[in-house]
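Just so you know, these numbers use all the heavy atoms, side chains as well, and skip hydrogens, waters and symmetry mates. Values in this document were obtained by computation on a predicted structure and should not be read as measured data.
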Amino acid sequence: MLTLERFVDDRFISYPLVDGIIINQENSHHTWILEMYAEEQYAEDFKSFIGTDEVIEVRAIISYPDNEPAAFRVVVKEMKVLNGQVSILFKGTLKTQRRQYAELLLEKLVVDGYSGEDLVKQFRSDMMTRPRIKP
């Protein structure tokens, strides 16, 4: 995992990672495990979620910086502070399939009134930034 962002108040907050890992458990529940390793200052942003089973939305870039972010619905399972850094363990599911995102985005842009070259430009831009699309 190269980047992790959390959705808060209609925007994404990015967390600079020291390291990260993501594992597809490949089980019948389609569960994923994400672990971010970051500076300790970011622990406060996740501390209140431990033990609550409150679902939060995150997105992560996996493997290569040019990959599109994958969106997840996760719960915070565990947090450990280690030498001024924090390890935060999440467990959850993939929010939507990536190909579905393109279709949802295109539909939203058309509804918003984009067409022609403006539609193409906005679509390319939004596919890179991946804004959240409300259902």
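Partners of Asp112 by side-chain hydrogen bond (donor to acceptor under 3.5 Å, both in side chains), not counting sequence neighbours, listed by chain and number: Lys108. In this structure, the side-chain hydrogen bond (donor to acceptor under 3.5 Å, both in side chains) partners of Ser87, at least two apart in sequence or on a different chain, are Glu35.
The aromatic ring centres of Tyr114 and Phe123 sit 6.0 Å or more apart.
Salt bridge Glu57/Arg59: absent, no basic N to carboxylate O contact under 4.0 Å.
Within the 4.5 Å cutoff, side-chain heavy atoms of Leu119 are placed close to those of Leu106. For the pair Tyr15/Asp45, a side-chain contact is recorded, criterion being any heavy-atom separation below 4.5 Å from C-beta on. Within the 4.5 Å cutoff, no side-chain heavy atoms of Val55 are placed close to those of Val74. For the pair Phe49/Val75, no side-chain contact is recorded, criterion being any heavy-atom separation below 4.5 Å from C-beta on. The shortest distance between side-chain heavy atoms of Val86 and Met79 falls below 4.5 Å.
Across Ala38 and Pro16, no two heavy atoms sit closer than the pair CB-O, 3.6 Å. Minimum heavy-atom separation, Pro65 to Leu2: N-CD1, 3.4 Å. Summarising the geometry of Ala70 relative to Ile62, their closest heavy-atom pair is CB-CD1, 4.2 Å, with the distance given to 0.1 Å.
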Next on the checklist: Let's go through Phe72 and Leu34 carefully: what are the C-alpha distance in whole Å and the side-chain angles of both, what is the deciding distance for side-chain contact (heavy atoms from CB on, under 4.5 Å) to 0.1 Å, and is it a yes or a no?
Outcome noted: CA-CA 10 Å; Phe72 295 89; Leu34 293 80; 4.1 Å; yes
Checklist entry - Are Gln25 and His30 close enough, and set up right, to give a side-chain contact (heavy atoms from CB on, under 4.5 Å), and what steps lead you there? => result CA-CA 7 Å; Gln25 289 193 298; His30 306 285; over 6 Å; no
Item to check | Verdict with supporting geometry, Met1 and Ile61, side-chain contact (heavy atoms from CB on, under 4.5 Å) | outcome: CA-CA 6 Å; Met1 182 167 61; Ile61 294 181; over 6 Å; no
Item to check | From CA spacing to verdict: side-chain contact (heavy atoms from CB on, under 4.5 Å), Lys91, Thr31 | outcome: CA-CA 7 Å; Lys91 187 173 185 176; Thr31 309; 3.4 Å; yes
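A donor-acceptor pair is defined here as one N or O able to donate and one able to accept, closer than 3.5 Å; such a pair exists between the side chain of Thr129 and the backbone of Ser125. Side chain of Asp118 to main chain of Gln122: no donor-acceptor pair is present (N/O by atom type, distance under 3.5 Å, no hydrogens or angles).
How far CZ of Phe90 is from NZ of Lys77: 12.5 Å, rounded to the nearest 0.5 Å. If you take CG on Leu105 and CG on Asp126, they are separated by 5.0 Å, rounding to the nearest 0.5 Å. Once rounded to the nearest 0.5 Å, the distance linking CG of Leu89 with NZ of Lys80 reads 9.0 Å. Once rounded to the nearest 0.5 Å, the distance linking CG of Leu17 with OH of Tyr42 reads 9.5 Å. Interatomic distance, OG of Ser14 versus CG of Leu4, reported as 8.0 Å (0.5 Å rounding). The CD1 atom of Ile50 sits 7.5 Å away from atom CD1 of Ile88, with the distance rounded to the nearest 0.5 Å.
Donor-acceptor pairing under 3.5 Å is lacking for the side chains of Glu40 and Gln85.
Figure legend: cation-pi geometry between Arg6 and Phe46, with NZ or CZ positioned under 6.0 Å from the six-membered ring centre and within 45° of its axis.
Met36 and Leu94 fall within the same hydrophobic cluster, where Ile, Leu, Val, Met, Phe, Trp and Tyr residues are linked whenever their side-chain heavy atoms come under 4.5 Å apart, directly or through other members. Under the 4.5 Å side-chain heavy-atom criterion for Ile, Leu, Val, Met, Phe, Trp and Tyr, Ile56 and Ile33 are members of distinct hydrophobic clusters.
Counting heavy atoms of neighbouring residues, nucleotides and ligands inside a 6.0 Å radius, atom CD of Glu107 does not exceed 12 of them.
Its side chain within the 4.5 Å cluster rule, Leu82 clusters with Val18, Tyr37 among the Ile, Leu, Val, Met, Phe, Trp and Tyr residues.
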